[in-house]
Structure formats: C-alpha cells, structure tokens
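Data first, discussion second: the structure below is written as structure tokens.
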Amino acid sequence: MKHLKTICALLMALLLCLSMIACSAKPEPAAEPTAAPAAEPTAEPANEPAPEPTEEPAEEIEVIVFAAASMTETLTEIAELYKAVAPNVKLTFNFDSSGTLKTQIQEGADCDLFISAGQKQMNQLDITADASVNTEGLDHVLEGSRINLLENKVTLCVPNGNPKNIASFDDLAALLKDGDILFAMGNSDVPVGQYTQKILAYYELSEEDLAAAGKITYGTNVKEVTTQISEASVDCGVVYCTDAFSAGLTVVDSATKEMCGQVIYPAAVMKNAAQAEAAQAFLDYLQTAEAMAVFENVGFAPVA
C-alpha cells in the first residue's frame, strides 16, 4: 500500500512536469501579415480641349486726316466711336484752315484723307477740277474717292450781352457803313473768310475800305474768329453754326444761299496716301448713321 502511494505520487509529479513543459513550448501566435500600402490610383489624363493657337493682334495702322478746324469737336468724338469699328486703326488729325491744309498737302506733307470746309481748296488739288481753279495743275486727289460729305451754315454771332444790339446781317451792314463797330472774319484764304467776303459783296460793302477804317479784324481760321467773339474783343463775327454751337455763342442770324452760296465740305483720299484703303474705310464710316448723328448734333447736315 505504501508502495502504491509512492507510485501515485511519482505519476502525479510526472504529469505535472509534462504539463509545464507543454505550456512552455506552446508557440506564440503568428503576427498578422502587414498589408502592403495601397497603390495610389493613377490619375486619368484630363479630357480638356487642346489650346487653340493664339492669334497675333492686328498690326496698328495710322491714318493721317487733314480736316477743317470747324470739325475739331465732331471728328474727335467720332474717332472714339471708330475704335470699336477698327481697333487697329490710329487716327491722327491735323486741324487747321482749309487753305493752310491745302498748302501743306501741296508741299508734300503726309496726308491720307483731306476734308475741306470749301470746294475751292479741294478743287485746287484735283486734276479733274476746272483749270481756272486748279491753276497749277495739281493732282493729289485719288480718282473716285471724292465726295460731298457735309453741309454747314454761316452765322452771325455776338458776344454775351450783345453790346451793339445787332440782330441780323442787315444790322451788321448798316453799322459797317455808318457806325462804330469792330467785326471779326476769317482771312481770304480761309473758307469762312471767303463766305464772309461774299456776304460783304452782297451788301455792296468794300472789305478793303472797312479794313482800312479799322472796322475789321481777322482770324487765320474759324476757331480764331470764334475766340474773338467769345472773349468780346469784337462786337460780332461770322463763323459756322457748328463752331457757334461748340463755343456756346449767341447766333443772331444765318446767311442765305443768295448771300454766300451753299457751304459744302468735300472729302477725298489723297493720291499718295500711305494708307489709302484704311482712309477710304474711315471716309465710308463718316457717312454712316452713327457718325452722321454726331455731325447733326452740332448743326452739320448731309448734303441734300
């Protein structure tokens, strides 16, 4: 019995040892495999349209316009409108009396388009005009380009307050004959001066005698005459209705066709124009309703 207890104790000890050995030999749980980082999705190429080729901006073209001084305000305004029509065209203006402009063209000045305040100055440059006017046989007008662009009116204007109480050309004629008056007019080579000479002749007044008597003062262009009236350095003067409007002058009378004829502004591209095609395009634009609205706003009118 004693031996049996000893054997049982030994067996229990052996089982305990085996159990301990088994526990110590139990393998560690395998580590979870590390997942490889997900690959970044490849971006699909954007389905954008190919860029269109960039157009080169149109080359700037300079058109040189010689125009009567009486067109200064209107053409300056029209030039702004024309930028939307021909953005690559640069308009360069030379404003002066038509006689001065005619002489500059004759002497070789660069000019693409000429707009005169009188037919005489254009005729003097036009080989097709009567030889009694184009006495030098000048040939500067491009054939087929000449038109009668506008009509103006010749007006008698007075300074603020009208100190001599002049109300008409009849009053002017009477005062020039018998009264103390100082009258402003354009030079003889200026269209407005030539129209005024016709008015004096209509009333049978001698310009030479009036000038000698100190009753006439002159301007080299219509703007100078306008300034003399505005500044009240004269008692009255003759200018176009368009200049009277622009300067805010008081108009007391308008000359009739019988007094001085019709006041026509001819225009033409010059034969030696560097930009004849662009000049013709601008001249065509001046005849559109948009441009005519600007002219008519100050008193110009289409030629009837």
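We use all heavy atoms of the structure for the numbers below, so side chains are in, but hydrogens, waters and symmetry mates are not.
In summary, the side chains of Thr242 and Asn152 do present a donor paired with an acceptor at a separation below 3.5 Å, with no hydrogens or angles considered. Using a 3.5 Å distance cut-off with no hydrogens or angles, the side chains of Gln119 and Asn148 do pair a donor with an acceptor. Checking Thr100 against Ser97 by side-chain atom types alone, a donor-acceptor pair falls below 3.5 Å. Using a 3.5 Å distance cut-off with no hydrogens or angles, the side chains of Glu136 and Gln124 do not pair a donor with an acceptor. Using modelled atom types, one finds a donor on one side chain and an acceptor on the other under 3.5 Å when comparing Tyr265 with Ser70. For the residue pair Glu62/Gln275, the side-chain donor-acceptor check at 3.5 Å is not satisfied. For the 3.5 Å distance criterion, the side chains of Asn94 and Gln104 qualify, holding a donor opposite an acceptor.
At least one side-chain heavy atom of Tyr285 sits less than 4.5 Å from a side-chain heavy atom of Leu81. Looking at heavy atoms from C-beta onward, Tyr218 lies out of side-chain contact with Thr220 at the 4.5 angstrom threshold. At least one side-chain heavy atom of Lys83 sits less than 4.5 Å from a side-chain heavy atom of Glu80. Two residues are said to be in side-chain contact when any heavy atoms from C-beta on lie closer than 4.5 Å; Thr217 and Met185 fail this criterion. Here the side chains of Ile127 and Val141 are not in contact, with every heavy-atom distance at 4.5 Å or above. Using a 4.5 Å heavy-atom threshold, the side chains of Leu175 and Ile166 count as touching. Side-chain contact check for Ile64 versus Lys90: every heavy-atom pair is 4.5 Å or farther apart. Counting heavy atoms from C-beta on, the side chains of Glu73 and Met71 never come closer than 4.5 Å.
Heavy-atom minimum distance, Ile229 versus Cys236: CG1-C, 4.3 Å. Contact detail for Val269 and Ser145: the closest heavy-atom pair is N-OG, 3.1 Å. Of all the heavy atoms in Gly219 and Val190, the pair that sits closest is O-CG2, 4.3 Å. Across all their heavy atoms, Pro191 and Gln121 have their closest contact at CG-OE1, 3.6 Å. Taking every heavy atom of both residues into account, Ala69 and Lys223 meet most closely at O-CE, 3.1 Å. Scanning all heavy atoms of the two residues, the minimum distance from Phe93 to Ala79 falls at CE1-CB, 3.7 Å.
Taking 4.0 Å as the cut-off between side-chain N and carboxylate O, Glu107 and Lys102 do not count as a salt-bridged pair.
Rounded to the nearest 0.5 Å, atoms OG (Ser254) and NZ (Lys153) are 7.5 Å apart. The OG1 atom of Thr74 sits 12.0 Å away from atom CD of Glu296, with the distance rounded to the nearest 0.5 Å. Rounded to the nearest 0.5 Å, atoms CG (Asp209) and CG (Leu176) are 12.0 Å apart. Rounding to the nearest 0.5 Å gives a distance of 13.5 Å between CG of Asn297 and CE of Met292. With rounding to the nearest 0.5 angstrom, the CD atom of Glu77 is 10.0 Å from the CZ atom of Phe295.
Phe114 and Phe95 fall into different hydrophobic clusters, where Ile, Leu, Val, Met, Phe, Trp and Tyr are joined by side-chain heavy atoms under 4.5 Å apart, directly or via other members. Residues Leu101 and Ile115 do not share a hydrophobic cluster, defined by chaining ILVMFWY side chains whose heavy atoms lie under 4.5 Å apart. Val192 and Leu210 fall within the same hydrophobic cluster, where Ile, Leu, Val, Met, Phe, Trp and Tyr residues are linked whenever their side-chain heavy atoms come under 4.5 Å apart, directly or through other members. Leu200 and Leu182 end up in the same hydrophobic cluster when Ile, Leu, Val, Met, Phe, Trp and Tyr side chains are linked at under 4.5 Å. Grouping the Ile, Leu, Val, Met, Phe, Trp and Tyr side chains by contacts below 4.5 angstrom, directly or via other members, places Ile147 apart from Leu125.
Heavy-atom neighbours of Glu277 CD from other residues, nucleotides or ligands within 6.0 Å: at or below the threshold of 12. For NZ of Lys215, the number of neighbouring non-hydrogen atoms (other residues, nucleotides, ligands) closer than 6.0 Å is greater than 12. Crowding of Glu143 atom CD: a count of heavy atoms from other residues, nucleotides or ligands under 6.0 Å not exceeding 12.
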*Evaluate side-chain contact (heavy atoms from CB on, under 4.5 Å) for Asn123 paired with Asp130, printing each intermediate quantity in order.*
CA-CA 8 Å; Asn123 286 338; Asp130 194 287; over 6 Å; no
*Given side-chain contact (heavy atoms from CB on, under 4.5 Å), test Thr256 with Met259 step by step and report yes or no.*
CA-CA 5 Å; Thr256 64; Met259 289 181 184; 3.3 Å; yes
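Residue pairs meeting the side chain to side chain donor-acceptor pair (under 3.5 Å) criterion with at least one partner in residues 154-172, sequence neighbours excluded, are Asp170-Tyr203.
Judged by distance alone, with hydrogens and angles left aside, the side-chain atoms of Ser98 form no donor-acceptor pair with the main-chain N or O of Ala68 at under 3.5 Å.
Scanning for side-chain contact (heavy atoms from CB on, under 4.5 Å) contacts around Cys260 gives Val154, Tyr195, Lys198, Ile199, Ala255, with sequence neighbours left out. Asp178 is linked by a side-chain hydrogen bond (donor to acceptor under 3.5 Å, both in side chains) to nothing, counting only residues two or more places apart in sequence or in another chain.
Shown are Asp126, Asp112, Asp139; of these, the salt bridge (charged side-chain N to carboxylate O under 4.0 Å, His left out) with Lys271 is made only by Asp139.
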